[in-house]
Colleague: 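Encoded as structure tokens, here's the structure I'll be asking about.
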Number of protein chains: 2
Amino acid sequence: MSGAARTNTRDIARAAVRAELAQVAFELFRQEGFAKVTLDDLAAAAGVSRSTFLRYFGTKEDAVLGAFNAHGTQVADALRARPADEDDWTALRRALDTVVERYRLDPTGSLAMTRLVQDTPALCARQLEKQHGWRPALVEALTERDDSSRSTTLIRSVRAAAALDCLNVALDHWTASNGHLDLVELLDEAFAALAPH
Amino acid sequence: MSGAARTNTRDIARAAVRAELAQVAFELFRQEGFAKVTLDDLAAAAGVSRSTFLRYFGTKEDAVLGAFNAHGTQVADALRARPADEDDWTALRRALDTVVERYRLDPTGSLAMTRLVQDTPALCARQLEKQHGWRPALVEALTERDDSSRSTTLIRSVRAAAALDCLNVALDHWTASNGHLDLVELLDEAFAALAPH
DNA sequence: GTCATATGTGACACTGAGTTTCATCCATGC
DNA sequence: GCATGGATGAAACTCAGTGTCACATATGAC
């Protein structure tokens, strides 16, 4: 029994193919618009069958949004790594630095990707859904950090949700400025607008 | 030219049919589950053709979520009606009372409806999308209330988004308690978790 | 009353997403 | 070489959503 977590040659190959397919899909979506590109188009452009494409990404949207799949647990992990005496809000802000870092590494690509998602209602909706799915993990991480009765699940849920909103709104303004404004500053402003006492 | 806003006999009839169709759909979804019911099932149950059903609700989801269509502008209007000297966060909290009132009027029905939405990923996603669409109207209302430079669009956007999160989280906990907990108290707690200084 | 028009409806065909099934191919281990 | 299992491709299928057309009915003008 090769453990499920074991990363073997096959998994690496799969990941490479997946990345390649995602790249092809992204280019096509940007050129033609998400709605105009069919699964057949994607498969043809990538040189695989429609079946194979759908095996890598369960849905058309996931060919784009699969890039964000790891963000949820990543932010949750970053949250757990914050000092125990830090308040929820500050810890959430700092945990989002892991996401911001991704945008800093490739501003041009990130800008194009973020625009594509924002300008495509179907992608926007799926993205919101995906982020909604991160909330439980964030709440759990917050709870592990401070199990005292000072806080409740409701409070942690609201803060986790609000933190993700801050990210989204900051990104909205970032793309609106063509990436000229500083994402870190925008995020700080967003967090400041809700800073709990 | 009969003005578009004019409510004539025809519009009233349409609204009645629409309400009837929504009711039938809701019952069917609750009994069978949203995914198991097809548009043909809905049309047959309602005694109309598939075409007609789709004319009333553009999508299957909208047969359920159409009930929330007015909420966006309703909250925005309530926001504009708040005293000018009230801070954003308090005004948002009070504006949501218009929504809470709907739940208070029919707790049983609201509970079933909210559960259906929460338990159906497709509906949950569409609901998030719909609420996301409310944000611009809320931001505009906040701006009209206080056009001073004390605040920015980014700040207002974050607060509007966070307020809706508060509502959603409060509703999560309300349904989890089978409607036993007080929605108003839950909402107050949620808002308190983010109270800006 | 009659005619013209507009609107609601149903029937139908069509596209495209996503699921499922099956056959085949190929790499790995024996 | 041979068996096995995972990856692929082909194809049929369901269903949501769009668009078109024909028909019926109700409303308004004369």
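Chain letters run A, B, ... following the sequence lines, proteins first, then strands; residues in each count from 1.
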Colleague: Which part of the nucleic acid does Tyr56(A) contact within heavy-atom distance under 4.0 Å: base, sugar-phosphate only, or nothing?
Modeller: sugar-phosphate

Colleague: Just checking Phe53(A): base, sugar-phosphate only, or nothing, at a heavy-atom cut-off of under 4.0 Å?
Modeller: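 If one applies the 4.0 Å heavy-atom cut-off, Phe53(A) turns out to touch nothing in the nucleic acid.
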
Colleague: Going by the rule side chain to side chain contact (heavy atoms under 4.5 Å, CB included), which residues pair with Arg14(B) if we only count those two or more places apart in sequence or in a different chain?
Modeller: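 With neighbours one apart ignored, the set is Tyr56(B).
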
Colleague: Hey, does the side chain of Lys60(B) reach the backbone of Phe34(B) with a donor-acceptor pair shorter than 3.5 angstrom?
Modeller: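 The answer is yes, because a donor-acceptor pair under 3.5 Å joins these two groups.
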
Colleague: I'd like to know if the side chain of Arg115(B) reaches the main chain of Thr175(B), judged simply by a donor and an acceptor atom lying under 3.5 Å from each other, with no hydrogens or angles considered.
Modeller: yes

Colleague: According to salt bridge (Lys or Arg N to Asp or Glu O under 4.0 Å), does anything in residues 125-142 of chain A pair up with another residue at least two apart or in another chain? List the pairs.
Modeller: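 Every pair satisfying salt bridge (Lys or Arg N to Asp or Glu O under 4.0 Å) with a residue in residues 125-142 of chain A: Glu61(A)-Arg126(A), Asp62(A)-Lys130(A), Arg135(A)-Asp172(B).
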
Colleague: Only counting residues at least two apart or in another chain, list the ones meeting side-chain hydrogen bond (donor to acceptor under 3.5 Å, both in side chains) with Asp85(A).
Modeller: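 Partners of Asp85(A) by the side-chain hydrogen bond (donor to acceptor under 3.5 Å, both in side chains) criterion come out as none, since no residue qualifies.
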
Colleague: Please report, rounded to the nearest Å, how far the P atom of dC22(C) is from the CZ atom of Arg55(A).
Modeller: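 Whole-Å distance recorded here is 14 Å.
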
Colleague: Pick out the pairs of N or O atoms, protein on one side and nucleotides 14-19 of chain C on the other, that lie under 3.5 Å.
Modeller:
residue, atom, partner, partner atom, Å
dA17(C), OP1, Lys60(A), NZ, 3.2
dA17(C), OP2, Leu39(A), N, 3.2
dG18(C), OP2, Lys60(A), N, 2.9
dG18(C), N7, Arg50(A), NH1, 3.3
dG18(C), N7, Arg50(A), NH2, 3.2
dG18(C), O6, Arg50(A), NH2, 2.8
dT19(C), O4, Arg50(A), NH2, 3.4

Colleague: Is it the case that the side chain of Arg80(B) and the backbone of Glu144(B) share a donor-acceptor pair, with hydrogens and angles ignored and the cut-off at 3.5 Å?
Modeller: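 Pair absent, no side-chain N/O of Arg80(B) close to backbone of Glu144(B).
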
Colleague: Looking for any heavy atom pair under 4.0 Å, which part of the strands does Arg14(B) touch: base, sugar-phosphate only, or nothing?
Modeller: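 The answer is sugar-phosphate, as Arg14(B) gets under 4.0 Å only of primed atoms, P, OP1 or OP2.
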
Colleague: Any side-chain to backbone donor/acceptor pair from Asp87(A) onto Trp89(A)? Under 3.5 Å, distance only.
Modeller: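 Checked: pair present.
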
Colleague: Please list, chain by chain and in numerical order, all residues satisfying side-chain hydrogen bond (donor to acceptor under 3.5 Å, both in side chains) with Arg102(A), sequence neighbours excluded.
Modeller: His71(A), Gln74(A)

Colleague: Go through DNA chain D in 5' to 3' direction and return only the first and the last nucleotide with some atom under 4.0 Å of chain B's heavy atoms.
Modeller: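 Terminal contacting nucleotides, 5' to 3': dC15(D) to dT27(D).
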
